[in-house]
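Working notes, structure below.
No hydrogens, no waters, no symmetry mates; every other heavy atom, side chains included, goes into these values.
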Amino acid sequence: VIHFYCQSPVVTLKRYPSLKKSLRDRGQLSHFWKSHRLDMVQYSEDCTAFTEANEPLINYLDVSTYFGEISIGTPPQNFTVIFDTGSSNLWVPSVYCVSKACAKHTKFQPSQSSTYQAIGTPFSIQYGTGSLTGVIGSDQVVVEGLTVSNQQFAESVSEPGKAFLDAEFDGILGLAYPSLAVDGVTPVFDNMIAQNLVELPMFSVYLSTYGHGELLFGGFDPSRFTGTLNWVPVTQQGYWQIHIQLDGTVAFCVNSCQAIVDTGTSLITGPTKDIKELQSYIVTIPACFHVHEALGFVPSFALLLPQEYGDSMAFCTSGFQGLDIPPPAGPLWILGDVFIRQFYSVFDRGNNRVGLAPATP
């Protein structure tokens, strides 16, 4: 029996509009498309929208809109980060960053921290619009009262593309397995476990459809889901990767597929061929909010609620996106925030499994 712990630290995840919505509200979305040489028809905002190229950039526009706060150094320097189960490194902008994107974000100043240690290892992560580069440093990192000592992290000195100019977050804190970590850096959660900062080697995520979310370290909160948790084994310890089967009126993954549960992705992505077929059913349905009735498209254990297929009442934007991940990692489906908003998710490192149950409203 796995117990939850009321005293486990809970990080409040604030929900912000996606970059796409922010640009749209300011009347700048069309200019953004053109500046990145994207096909305006292919990326239109009606029910026929289907993304096939430039996937990392398009996904970034819809990137996880749930951010939390951490601090680094002594005295603490505060940062807003995405808690990302699809990566394993922690990075924040450096005071030495030369990119325009850094000018609008909080920057880490190593000289202002008495606990900082320079490591100096070069760091680079590739994105669709370029590579984020920097150097590795070490300092104490505080996450909701948990003080992680000697945590190595990346100090970004160059950030790619124009998209980061409007990002609401400063950096990313990865929560995937150590095998994904660039430069072999020990992830924050692994150090929490090693330093006995959590009751149990697990964390859980609740994303509210209409408000904020919660990230709980060291256990899970039964008040945030209904019924019992359905435990699914991790099939490969890199991403939080599991077997899934998707069936209904339209069936995919009949013989099961590999999928990752990823808080750093907003949508549900899958192989282009399958998503095209799925989108073809969506565009034949007059009312977007009756998509679920026509498709009967559900995970084998529950139904995605209809409002999660669109991002607002005003726009019919599909919650599915084509993304071909090549071998050896792929093909993979990605179950992003659209999925996690419907299913409370427990990431259990102690038993290498993911627990899923219908989330409470």
Side-chain angles (χ1 to χ4, degrees), residues 11-26 28-29 31-32 35-36 56-57 59-84 86-113 116 118 122-144 148 151-175 182 185 188 212-213 215 263-266 337:
V11 179
T12 298
L13 303 177
K14 296 181 181 179
R15 188 177 185 186
Y16 292 86
S18 67
L19 175 56
K20 182 171 72 177
K21 185 177 187 304
S22 297
L23 291 171
R24 178 198 296 146
D25 291 346
R26 296 199 301 267
Q28 298 174 346
L29 187 57
H31 175 74
F32 183 88
S35 69
H36 285 83
L57 175 59
N59 191 56
Y60 173 77
L61 286 175
D62 287 298
V63 76
S64 175
T65 52
Y66 298 87
F67 311 137
E69 303 295 327
I70 67 169
S71 67
I72 303 176
T74 308
Q77 300 177 41
N78 298 324
F79 298 90
T80 298
V81 298
I82 293 176
F83 288 90
D84 178 24
S87 66
S88 298
N89 288 86
L90 167 62
W91 66 263
V92 295
S94 167
V95 68
Y96 302 112
C97 181
V98 297
S99 300
K100 290 182 179 179
C102 294
K104 294 187 177 181
H105 294 96
T106 304
K107 296 177 285 293
F108 180 71
Q109 302 184 55
S111 64
Q112 301 301 308
S113 174
Y116 175 79
F123 175 85
S124 178
I125 290 184
Q126 189 70 34
Y127 288 90
T129 53
S131 60
L132 183 150
T133 59
V135 295
I136 299 293
S138 176
D139 210 329
Q140 71 174 27
V141 174
V142 178
V143 183
E144 197 59 35
V148 183
Q151 176 64 52
Q152 291 190 12
F153 64 101
E155 305 164 55
S156 169
V157 296
S158 177
E159 296 186 6
K162 298 178 181 179
F164 279 90
L165 286 169
D166 293 290
E168 297 283 356
F169 60 90
D170 301 312
I172 293 176
L173 190 154
L175 292 168
V182 176
V185 170
V188 172
H212 298 326
L215 168 62
T263 58
T265 298
S266 281
D337 292 349

- Val11 vs Val143 side-chain heavy atoms within contact, under 4.5 Å: yes

- Task: Check whether any side-chain heavy atom of Ser124 sits under 4.5 Å from a side-chain heavy atom of Val182, and report yes or no.
- Result: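 A side-chain contact under 4.5 Å is absent here.
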
Please identify each residue that fulfils side-chain hydrogen bond (donor to acceptor under 3.5 Å, both in side chains) with [X], with sequence neighbours left out.
| X | answer |
| --- | --- |
| Asp170 | none |
| Ser113 | Thr115, Asp139 |
| Gln152 | none |

Find the distance between [atom1] ([X]) and [atom2] ([Y]) and round it off to the nearest 0.5 Å.
| X | Y | atom1 | atom2 | value |
| --- | --- | --- | --- | --- |
| Thr263 | Phe83 | OG1 | CZ | 9.5 Å |
| His105 | Glu168 | NE2 | CD | 7.5 Å |
| Gln77 | Ser71 | CD | OG | 9.0 Å |
| Ile172 | Ser156 | CD1 | OG | 10.5 Å |
| Thr133 | Phe123 | OG1 | CZ | 9.5 Å |
| Leu175 | Asn89 | CG | CG | 11.5 Å |

- Before giving the answer on side-chain contact (heavy atoms from CB on, under 4.5 Å), spell out for Thr80 and Glu69 the whole-Å C-alpha distance, their side-chain angles and the decisive distance to 0.1 Å. CA-CA 5 Å; Thr80 298; Glu69 303 295 327; 2.8 Å; yes

- Determine yes or no for a side-chain-to-main-chain donor-acceptor pair under 3.5 angstrom, with Ser94 supplying the side chain and Glu155 the backbone. no

- Task: Could you pull out the closest heavy-atom pair between Asp84 and Gly86, with the gap in Å?
- Result: OD1-N, 2.8 Å

- Query: Which heavy atom of Val95 sits nearest a heavy atom of Pro110, and at what distance?
  - Reply: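 Minimum heavy-atom separation between Val95 and Pro110: CG1-CD, 4.1 Å.
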
- Task: Hey, can you tell me if Phe169 and Trp91 have their rings parallel, tilted or perpendicular (30° and 60° cut-offs)?
- Result: perpendicular

- Message: Over 60° means perpendicular and under 30° means parallel, so tell me whether Tyr116 and Phe153 are parallel, tilted or perpendicular.
- Response: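 Perpendicular, since the angle between the ring planes exceeds 60°.
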
